[in-house]
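What follows is a set of notes on a single structure, which appears directly below.
Residue numbers begin at 1 in each chain, while the letters A, B, ... track the order of the sequences.
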Number of protein chains: 2
Amino acid sequence: MPFEGPSAAPVSAARPAARASAVHFCGLCDQVGESERRALRRIGLRQLIRSGDPLICSTAGDAIVGSLTWGVLAVVRSDGSGAQSVGLVFPGEIVGDPFGSPANAAVRALTDAQLCTFPRSALEQVSRDYPVVQRALLRCALHSLSEARRWLLIIGRQSARERVVAFLLEFARRQRAGAPSGDTLDLPLKRGSIGDLLGLSIETISRQLQGLARAGLIALPSRRTIELVDRAALERLVGGRRSTIERVMP
Amino acid sequence: MPFEGPSAAPVSAARPAARASAVHFCGLCDQVGESERRALRRIGLRQLIRSGDPLICSTAGDAIVGSLTWGVLAVVRSDGSGAQSVGLVFPGEIVGDPFGSPANAAVRALTDAQLCTFPRSALEQVSRDYPVVQRALLRCALHSLSEARRWLLIIGRQSARERVVAFLLEFARRQRAGAPSGDTLDLPLKRGSIGDLLGLSIETISRQLQGLARAGLIALPSRRTIELVDRAALERLVGGRRSTIERVMP
DNA sequence: GAACCGCTTTGACGCGAGTCAAAGACGGTT
DNA sequence: AACCGTCTTTGACTCGCGTCAAAGCGGTTC
């Protein structure tokens, strides 16, 4: 379902904040030079998708790669018994498979979102002409890999409480990315989606959040906003288990 | 602790099998042309490490990237309270960070292993001269990302039984990679390491394996060998939840 | 305003997996 | 052989989280 147009009012308003978070070291257009950017712009297509919509990851048999400009996406991997999110995508990051191999890309928008999409084959050509682009792609992939492994650690061994706290801190870290101290999170996820991401049930998420609120560590002013009241205490909760910031491949 | 030499007898014996599995689409030397291979060979260094040893991921301040020739490695991510494996590395795959950024690479050899290591800076130069090399690196990263997400799905929602079965099938799939039907696994992992990988306790791993054996789905002829007796039944156990083979980025 | 709908919260209950502890198995050494 | 240390197996118990069920919000529609 196509969006009304690039200049739709409500989304335009959110743009400045997203631009700020494009500082992220992992944007495609942000880590290449001017000439590469021009080449990318020639083949790129700005695309807007509505919250909840799936991202169409191939057009006319050609897979696409998208660089998220603003908004938040979820990468979901579905199996017979439902779907589970395996990661989030924040502005400056990338979705899609540059190789277009068996790519059942399942990406869902959690908020209204905008991304620059590139046809796989055209991008491949550009990255052949401009090695810097391929380099940027590699950086992105490694970044995503690192994030995926972060989640593995969190989901693998932690208790429900620790997972929820880790999620909150992680979300704050990734969402802010430029803004100084975002202690007020505007969660685009509903409880069920958080559960998907953390491998927990809806009820457990709710209970944990309420518990944290009762303990005075967070505040829940509305359904979709969470304030990190006592960040130090939150970090201490997962702190014993702080993982070494590591970026390995594979 | 350095290895005796490249021609040590016990490890040489294992080489042919590993060569076979180098069919893997993700080896560095196996998906580039002859001239690139020569360039890589000039800067590469063959390295042998003993089972249990950590891989030194930087030499003289320069991080390294390694392409595994044979053996099995584990990528471990350690935090305050111990360490957890976040992935395995099979022949044809790659370890280390080509960008050498805050790379606390923690890699441990599960078996005696051999890899070609490349100094980060030299590899970077080569990949600048030969785009194909960078392309291969990108492929590797995406492959690893896909594997990491596989684990996320398995660890996120599955029961202990399902995780163990998934691990066995996964291991068979990745280890064999060329060999026709490896229904007899020679596990280089002890129970504890499997637990690390799956986010389960030693005892649970043991109980599940015994349970599967009692059900006649597998056989445990020795401590480190597992026979997949009824593969169909095993696949049915995780089959309801077969994930779509997907390769997304990020 | 009242009536609906989806989401969230809260409670009660049962099961699965972690933990502690002890007893086997296996491999290596002398 | 008999010893030892390491790894594995088995048992008993506890507790966290999933599940089922019902009630409480918001938000939207008429």
Exercise for review: Using a heavy-atom cut-off of under 4.0 Å over every strand shown, decide if Glu203(B) touches base, sugar-phosphate, or nothing.
Suggested key: base
Review point. If you round to the nearest 0.5 Å, how far is CD1 of Ile226(B) from CG of Leu220(B)?
Key: 5.5 Å
Point to revise | Interatomic spacing from CZ in Phe167(A) to CD1 in Ile154(A) - rounded to 0.5 Å | key: 10.0 Å
Exercise for review: Name the first nucleotide and the last nucleotide along DNA chain C (5' to 3') that come under 4.0 Å of a heavy atom in chain A.
Suggested key: dG6(C) to dA12(C)
Point to revise | Gap between atoms CD1 and C1', on Ile202(B) and dT6(D) respectively (whole Å) | key: 11 Å
Review point. So, does the side chain of Gln208(A) form a donor-acceptor pair with the base of dC17(D) at under 3.5 Å?
Key: no
Review point. Nearest to the side chain of Lys190(B), which nucleotide is it out of dC7(D), dT19(D), dC17(D)?
Key: dC7(D)
Practice item. First locate atom CG of Leu145(B), then atom NE2 of His143(A), and finally report the distance between them rounded to the nearest 0.5 Å. Key: 11.0 Å
Check your understanding: Would you say a side-chain N or O of Thr204(A) is under 4.0 Å from OP1 or OP2 of dG18(D)?
Key -> yes
Review point. Given axes from five pairs at either end, by how many degrees does the helix from dG1(C)-dC30(D) to dT30(C)-dA1(D) bend, rounded to 10°?
Key: 30°
Review point. Do any N or O atoms from the side chain of Arg224(B) and from the backbone of Leu185(B) form a donor-acceptor pair under 3.5 angstrom?
Key: no
Check your understanding: Can a donor-acceptor pair under 3.5 Å be found between the side-chain atoms of Arg223(A) and the base atoms of dC25(D)?
Key -> yes
Review point. Please give, in whole Å, the distance from dC17(D) P to Arg163(A) CZ?
Key: 8 Å
Review point. Where do Thr111(B) and Pro188(B) come nearest, in terms of heavy atoms and distance?
Key: CG2-CB, 2.9 Å
Practice item. Just call it for Ile205(B): base, sugar-phosphate, or nothing, with non-hydrogen atoms closer than 4.0 Å on any strand. Key: nothing
Exercise for review: Under 4.0 Å between any heavy atoms, over every strand shown, what does Gly199(A) touch: base, sugar-phosphate, or nothing? Just pick one.
Suggested key: sugar-phosphate
**Study point:** Point-to-point distance, once rounded to the nearest 0.5 Å, from CG of Leu169(A) to CG of Leu234(A)
**Key:** 5.5 Å
Exercise for review: Would you kindly give the CD-to-P distance between Gln158(A) and dC17(D), to the nearest whole Å?
Suggested key: 11 Å
Review point. Between dC7(D) atom P and Leu220(B) atom CG, what is the distance in whole Å?
Key: 18 Å
Check your understanding: Between atom CG in Leu187(B) and atom P in dC7(D), what is the gap in whole Å?
Key -> 15 Å
**Study point:** Arg191(A) CZ to dC25(D) P, straight-line distance once rounded to whole Å
**Key:** 15 Å
Check your understanding: Among Arg157(B), Gln208(B), Gln158(B), whose side chain to side chain contact (heavy atoms under 4.5 Å, CB included) with Arg163(B) holds?
Key -> Gln158(B)
Review point. Separation of Arg161(A) atom CZ from dC15(D) atom C1', in whole Å?
Key: 15 Å
Review point. Within the side chain of Ser146(A), is there an N or O that forms a donor-acceptor pair under 3.5 Å with the backbone of Leu142(A)?
Key: no
Review point. What about Arg157(B): does its side chain form a donor-acceptor pair under 3.5 Å with the base of dG18(D)?
Key: no
Review point. Measuring from Leu168(B):CG to Asp183(B):CG, what's the distance to the nearest 0.5 Å?
Key: 11.5 Å
